[in-house]
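Structure, as structure tokens:
Here is how names work: the chains are called A, B, and so on, in the same order as the sequence lines, proteins then strands, and each is numbered from 1.
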Protein chains: 2
Amino acid sequence: MAKALTDRCQQILEAIIEEYIATAQPVGSKALTQNHGIRLSPASVRNVMAELEDLGYLVSPHTSAGRIPTEKGYRFYVDTLLRVSDLNTRQKDQIEMKYRRHGLQMADMLREASRTLSSFSQHTGLVMIPRLKVTVFRHIEFVKLSPRQVLVVFVTQSGMVQNKLVEVDEELSPSELEQITNYLNRTMSGMSIQEVRARIVAEMAEEKALYDHLLRRAFALSSAALGDETDGDVIIDGTSYFLEQPEFSDLRQMKNIVQAFEQKSMLVDLLDRGTDAVGVQVIIGSETQYHELSGCSLITAAYSGKRGNLGTLGVIGPNRMPYSTIIPIVDYTANLISRLLDTEND
Amino acid sequence: MAKALTDRCQQILEAIIEEYIATAQPVGSKALTQNHGIRLSPASVRNVMAELEDLGYLVSPHTSAGRIPTEKGYRFYVDTLLRVSDLNTRQKDQIEMKYRRHGLQMADMLREASRTLSSFSQHTGLVMIPRLKVTVFRHIEFVKLSPRQVLVVFVTQSGMVQNKLVEVDEELSPSELEQITNYLNRTMSGMSIQEVRARIVAEMAEEKALYDHLLRRAFALSSAALGDETDGDVIIDGTSYFLEQPEFSDLRQMKNIVQAFEQKSMLVDLLDRGTDAVGVQVIIGSETQYHELSGCSLITAAYSGKRGNLGTLGVIGPNRMPYSTIIPIVDYTANLISRLLDTEND
DNA sequence: CTTAGCACTCGCTTTGCCTGAGTGCCAAAA
DNA sequence: TTTTGGCACTCAGGCAAAGCGAGTGCTAAG
């Protein structure tokens, strides 16, 4: 078992990581003693650095260069060394200001969140749209587009609008549609989509549905509409910040990352991992388990509405991200969004 | 006035441009005589090249390099030299296949179009979402989210769903809302949004509206909902192809382009320019009038529905794009989309 | 345990040289 | 008059050698 690092080791490791985050250059022993209040000679620092390298917290890209942190180094830094401060009031106000616009719908709010995360962190902002199943049903409407096609529009409690085109076997008359609409709105309003689904399944199994033609069609229609969950969507903002990072000046890797952003599925997966966690999560480099995203780290936090967690938001950037400043931004934004979603429409 | 280029000049210019498009390398006199069926000595070719340079169709990056086309060169090539062939049946089938999925809504179709454009052209695909005002009204619905907030959901003929949150001064009762809904759906269905707007303005001015409280509120509500046009949205796919282009290996310019893509407003403007044109349009380099997009060209075409042009789609890439292969792809896609939008929901 | 000293390593930059692709021009050939 | 071969010239890119300097590890003294 690895023995605990001495205080001095930790202090030096912290200094190295912070210096590297600031400069993106390998950190040498001399630079450290000059700028970081380390009251030791370069030689002593070198001994410590050698030790830290042995333990796997640092590597040197070549003999005559300084050291750079490994993923293990970042992990240790984030877990034990980092002390995140709160945002000051001015920063909070600046962020909050962005949401002051009147009548902001949820979708706009989330877009704004992505934008804000990006511009305040100077890295790429990510916001996951709530999955259907965690939202609360409010209203459903059917619009007949052609004899066999019905557009199902439904609105969630928070004002998100989803729509789906459903093919029906047998034409529905306007009055039938209206009855179905009324029935569903009456019985299901206020339930979560998950509950609605469960209810549909339960009622379909029951006797009475068998004999009520209209009811059966109502359930068939709504279950078709609520059926297959969309894959989850992510709002990305500030991709261009990636192009500023010296570590990605290699175009091949840059292309991998941009492609990953276009596909979104990896981001969805990564954000999903943080849905049930409380507070801020940090995923570093290979912890993503996607080689396309090697060298990338994420800082994420879940946001919630009235009924528990809705989704996750965060920032993605190089491992060498200023965690201490971004973590509070992500944290504050997630809380702010949660607050806004919780108090609205009451 | 510039005198017309001789046949031989044109032939050589064409060969140079095609060679440059294929290789991204400055084209020298020798390479030309070897690969392009030019039955002349390198020396003669050089004379012609010098002439073309004087006329502004070519430049040489430095003394001992070959020539590359100027924007004027590309323009001439696109306007007069280029002969575009039709796609063969296999290609057409491949493209058409992508839209075979059942129950594709307009939004999905347009997303698919962007994707297809990108993957077939190996450049970045763009599809502009139809502006509200050119779509046909089909159905409107109001959902009360809070006493003062009404979510207006409306559906266009083609099955696009738009929604907007409207703040009202005075609470509306459910039955009032229902009456308004019925009235609007009865009177406005089948009109284009532009017509709807005109109608509202006209009726508001008329006497009878003044005395009918409900009618007035109906108009107020719907005009608020249809009021401010959203800025236009563009679906972008295949940004990562840009990173493959050797001419953009300069990260600064690359960043400009990615930022321009994120903002979208330039792309909206550029695509808007082609809305009323017939057939394929080509915009080359500085013709975009955006210095951020210098070195970029667009190939666009308008697509239409039942009621005339809806929007524009196309491909953006470096000036050095294979116009002869991409133009038919854009053309065919625009026609295909138009056909699909025209025949659906009949 | 700390630190000064020192030899050593090695990537980066600069310099100079060379090569080769490509040019322009001229005079001879067609 | 047009085409072509010849020739001197230009210049970017590649390569090697040299020097620089930041940084290291080790050792011995404080």
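- At the heavy-atom level, Ser29(B) lies under 4.0 Å from the strands shown only through sugar-phosphate atoms.
- Sorted pairs that involve residues 20-34 of chain A and meet salt bridge (charged side-chain N to carboxylate O under 4.0 Å, His left out), not counting sequence neighbours, are lacking altogether.
- In terms of phosphate contacts, Arg67(B) brings a side-chain nitrogen or oxygen within less than 4.0 Å of OP1 or OP2 of dG24(C).
- Protein atom CD1 of Ile16(B) is 12 Å distant from nucleotide atom P of dG22(C), rounded to whole Å.
- Atoms CD (Glu53(A)) and C1' (dG23(D)) sit 12 Å apart, rounded to a whole Å.
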Atom pairs under 3.5 Å, N or O on each side, protein against nucleotides 11-14 of chain D: can you list them with distances?
unit_1: dC11(D); atom_1: OP1; unit_2: Thr63(B); atom_2: OG1; d: 3.4
unit_1: dC11(D); atom_1: O5'; unit_2: Thr63(B); atom_2: OG1; d: 3.4
unit_1: dC11(D); atom_1: O2; unit_2: Ser64(B); atom_2: OG; d: 3.1

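- Remark: Phe261(B) pairs with Phe242(B) by the ring pair (Phe, Tyr, Trp, His ring centres under 6.0 Å) rule, at least two apart or across chains.
- Partners of Glu53(B) under the salt bridge (charged side-chain N to carboxylate O under 4.0 Å, His left out) rule, at least two apart in sequence or in another chain, are Arg67(B).
- Atom CD of Glu51(A) is separated from atom P of dC1(C) by 11 Å (rounded to the nearest Å).
- If you take NZ of Lys30(A) and P of dA4(C), they are 13 Å apart, rounded to a whole angstrom.
- Not a single side-chain hydrogen bond (donor to acceptor under 3.5 Å, both in side chains) links Asn47(A) to another residue, sequence neighbours left out.
- For the salt bridge (charged side-chain N to carboxylate O under 4.0 Å, His left out) test, no residue two or more places apart in sequence or in another chain qualifies with Arg90(B).
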For nucleotides 13-19 of chain C, give me every protein contact, N/O to N/O, under 3.5 Å, one pair per line with atom names.
none

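- Between the CG atom of Leu52(B) and the P atom of dG24(C) there is a distance of 12 Å, rounded to whole Å.
- Applying the salt bridge (charged side-chain N to carboxylate O under 4.0 Å, His left out) test to residues at least two apart or on different chains, the pairs with a partner in residues 253-269 of chain B are Glu244(A)-Lys255(B), Asp233(B)-Lys264(B), Asp269(B)-Arg273(B).
- Residue pairs satisfying the salt bridge (charged side-chain N to carboxylate O under 4.0 Å, His left out) criterion with at least one member in residues 279-291 of chain B, sequence neighbours excluded, are listed as follows: Arg75(B)-Glu287(B).
- In this structure, CD1 of Ile68(A) is placed 15 Å from C1' of dG23(D), rounded to the nearest angstrom.
- Nearest heavy atom pair, residue Cys296(B) against residue Ile257(B), reads SG-CD1, 3.7 Å.
- Considering only residues two or more places apart in sequence or on other chains, Ser41(B) meets the side-chain hydrogen bond (donor to acceptor under 3.5 Å, both in side chains) condition with Ser44(B).
- For Tyr323(A), the side-chain hydrogen bond (donor to acceptor under 3.5 Å, both in side chains) partners at least two apart in sequence or on another chain are Ser297(A).
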Which protein N or O atoms sit under 3.5 Å from an N or O of nucleotides 2-5 of chain D?
unit_1: dT3(D); atom_1: OP1; unit_2: Arg8(B); atom_2: NH1; d: 2.9
unit_1: dT3(D); atom_1: OP2; unit_2: Arg8(B); atom_2: NH1; d: 3.2
unit_1: dT3(D); atom_1: OP2; unit_2: Arg8(B); atom_2: NH2; d: 3.4
unit_1: dT4(D); atom_1: OP2; unit_2: Ser41(B); atom_2: N; d: 3.2
unit_1: dT4(D); atom_1: OP2; unit_2: Ser44(B); atom_2: OG; d: 2.8

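- When rounded to the nearest whole Å, the span between OH of Tyr20(A) and P of dG23(D) equals 14 Å.
- The distance from atom OG1 of Thr333(A) to atom CD1 of Ile95(A), rounded to the nearest 0.5 Å, is 4.5 Å.
- Between the CD atom of Gln25(A) and the C1' atom of dG23(D) there is a distance of 14 Å, rounded to whole Å.
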